[in-house]
Asks: 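The following block contains the structure, expressed as structure tokens.
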2 protein chains.
Amino acid sequence: MKKIKVKCWVEDEGEKFYGPGPNELLKRIQEEGSLSRAASKMEMSYKKAWELVQRLNQHTEEPLVILKKGGQHGGGAEVTPQGLEIMREFENLQIKIDELVDQQTDLIKVLK
Amino acid sequence: MKKIKVKCWVEDEGEKFYGPGPNELLKRIQEEGSLSRAASKMEMSYKKAWELVQRLNQHTEEPLVILKKGGQHGGGAEVTPQGLEIMREFENLQIKIDELVDQQTDLIKVLK
DNA sequence: TAGCGATATATACGTTTATACATAACGCTT
DNA sequence: AAGCGTTATGTATAAACGTATATATCGCTA
């Protein structure tokens with residue numbers, strides 16, 4: 001069974017910085033309120049998740065995620081309104097691309 | 001400067017087998033008539049190119065590339081009509097996706 | 001002020017992936 | 001029969017990447 005797959009992401013000055021991985025991480029952070037829990041839930045190492053957040057925040061004027069250390073619960077992670085908006089727009093784009101691809105049957109027909 | 005990028009490919013039983021890399025390789029083979037020259041022109045090792053051709057031909061009923069060894073010019077490589085058709089359809093798909101993505105400005109607007 | 005849970009950071013390790021290199025096999029040409 | 005250029009194939013090396021592990025830091029709580 002052959003299937004067309006598509007992946008989209010955003011690059012800044014040639015460096016990729018927002019794609020499916022970061023998008024899932026933001027969603028998990030929103031659910032968990034913690035970067036370490038978000039990372040382990042999606043089977044990503046904490047280090048990679050942390051570096052990812054750094055890169056995300058470097059490439060935007062307003063941070064997408066705010067990390068806090070110490071305090072009542074030892075710290076935590078939070079997705080900013082800007083982060084939520086980007087998640088929304090990115091998922092919209094993905095849906096539109098998926099819809100287009102679902103209509104494209106010619107390539108699959110050729111591949112017997 | 002932020003930019004949306006898209007990559008599409010075809011999977012067969014979960015294994016990816018046709019994408020931008022194979023597509024370029026087929027184009028080069030068509031131009032060069034030789035797998036080794038095609039590979040070096042696109043800075044791919046011969047071994048990887050050869051393995052790629054094996055995988056391509058394994059996943060289709062009719063081969064996409066025919067390799068010949070020995071003979072007048074030592075051998076050669078040729079893209080079959082099926083291969084040409086797949087190249088055509090794949091590039092059509094890429095163009096449609098690119099057109100759709102060019103229209104999607106919302107995500108880029110959010111990313112300041 | 002000791003403890004807790006989370007972020008912050010470096011180092012070492014293992015896995016995957018691609019390349020470089022060497023060599024064999026093939027079949028036409030001369 | 002020797003030579004040529006290409007495909008065919010294995011081995012060793014290197015580069016990239018992700019993970020595991022360990023330790024430090026922070027700030028509220030009790």
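Lettering follows sequence order; numbering is per chain, from 1.
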Asks: Can you tell me the distance, in whole Å, between the CG atom of A:N57 and the C1' atom of C:dA8?
Replies: 15 Å
Asks: Is it true that the NZ or CZ of A:K5 lies under 6.0 Å from the centre of B:W9's six-membered ring and within 45 degrees of the ring axis?
Replies: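 Judged by the rule, A:K5 and B:W9 form no cation-pi pair.
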Asks: Tell me: NE2 of B:H73 to C1' of C:dT30, nearest whole Å?
Replies: 14 Å
Asks: Rounded to whole angstrom units, what separation is found between the NZ atom of B:K48 and the P atom of D:dA15?
Replies: 17 Å
Asks: Report the C-alpha distance between A:E32 and A:S34 in whole Å, list the side-chain angles of each, state the deciding distance to 0.1 Å, and finish with yes or no for side chain to side chain donor-acceptor pair (under 3.5 Å).
Replies: CA-CA 5 Å; A:E32 300 289 337; A:S34 151; over 6 Å; no
Asks: Between A:G75 and B:K69, just flag the one whose closest nucleotide in DNA chain C comes earlier from the 5' side.
Replies: A:G75
Asks: Distance check needed: D:dT9 P versus B:L67 CG, whole Å only.
Replies: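 So the CG-P distance, B:L67 to D:dT9, works out to 11 Å.
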Asks: One pair to check against side chain to side chain donor-acceptor pair (under 3.5 Å): A:H59 and A:E15. What are the steps and the verdict?
Replies: CA-CA 10 Å; A:H59 283 279; A:E15 183 186 12; 3.2 Å; yes
Asks: Heavy atom of residues 19-40 of chain A under 4.0 Å from DNA chain C: which residues?
Replies: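 Only A:S34, A:L35, A:S36, A:R37 qualify.
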Asks: Show the nearest heavy-atom pair for residues B:P22 and B:F17, with the distance to one decimal.
Replies: CG-O, 3.8 Å
Asks: So, OP1 or OP2 of D:dA8: does either fall under 4.0 Å of a side-chain N or O from B:W50?
Replies: yes
Asks: Indicate, yes or no, whether a donor-acceptor pair under 3.5 Å links the base of D:dT21 to the side chain of A:K47.
Replies: no
Asks: A:S36 versus A:W50: any side-chain heavy-atom pair under 4.5 Å?
Replies: no
Asks: Provide, to the nearest angstrom, the distance between the NZ atom belonging to A:K68 and the C1' atom belonging to D:dT25.
Replies: 18 Å
Asks: Would you compute the distance between atom CG of A:N57 and atom CG of A:L67 and round it to the nearest 0.5 angstrom?
Replies: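 Going from the CG atom of A:N57 to the CG atom of A:L67 covers 7.0 Å.
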Asks: Calculate, to the nearest 0.5 Å, the distance between atoms CG and CD belonging to A:L111 and B:Q82 respectively.
Replies: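 If I round to the nearest 0.5 Å, the distance is 11.0 Å.
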Asks: Would you classify B:E51 as touching base, sugar-phosphate or nothing, given that sugar-phosphate means primed atoms plus P, OP1 and OP2, and contacts are heavy atoms under 4.0 Å?
Replies: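 If one applies the 4.0 Å heavy-atom cut-off, B:E51 turns out to touch nothing in the nucleic acid.
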Asks: Atom CG of B:L52 and atom C1' of C:dA18: how far apart are they, to the nearest Å?
Replies: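 In whole Å, C:dA18 C1' and B:L52 CG are 13 Å from each other.
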Asks: Whole angstroms only, please: what is the OH-C1' distance between B:Y46 and D:dG10?
Replies: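 In whole Å, D:dG10 C1' lies 14 Å from B:Y46 OH.
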Asks: Give the rounded distance in Å between these two atoms: CD of A:Q72 and C1' of D:dA30.
Replies: 12 Å
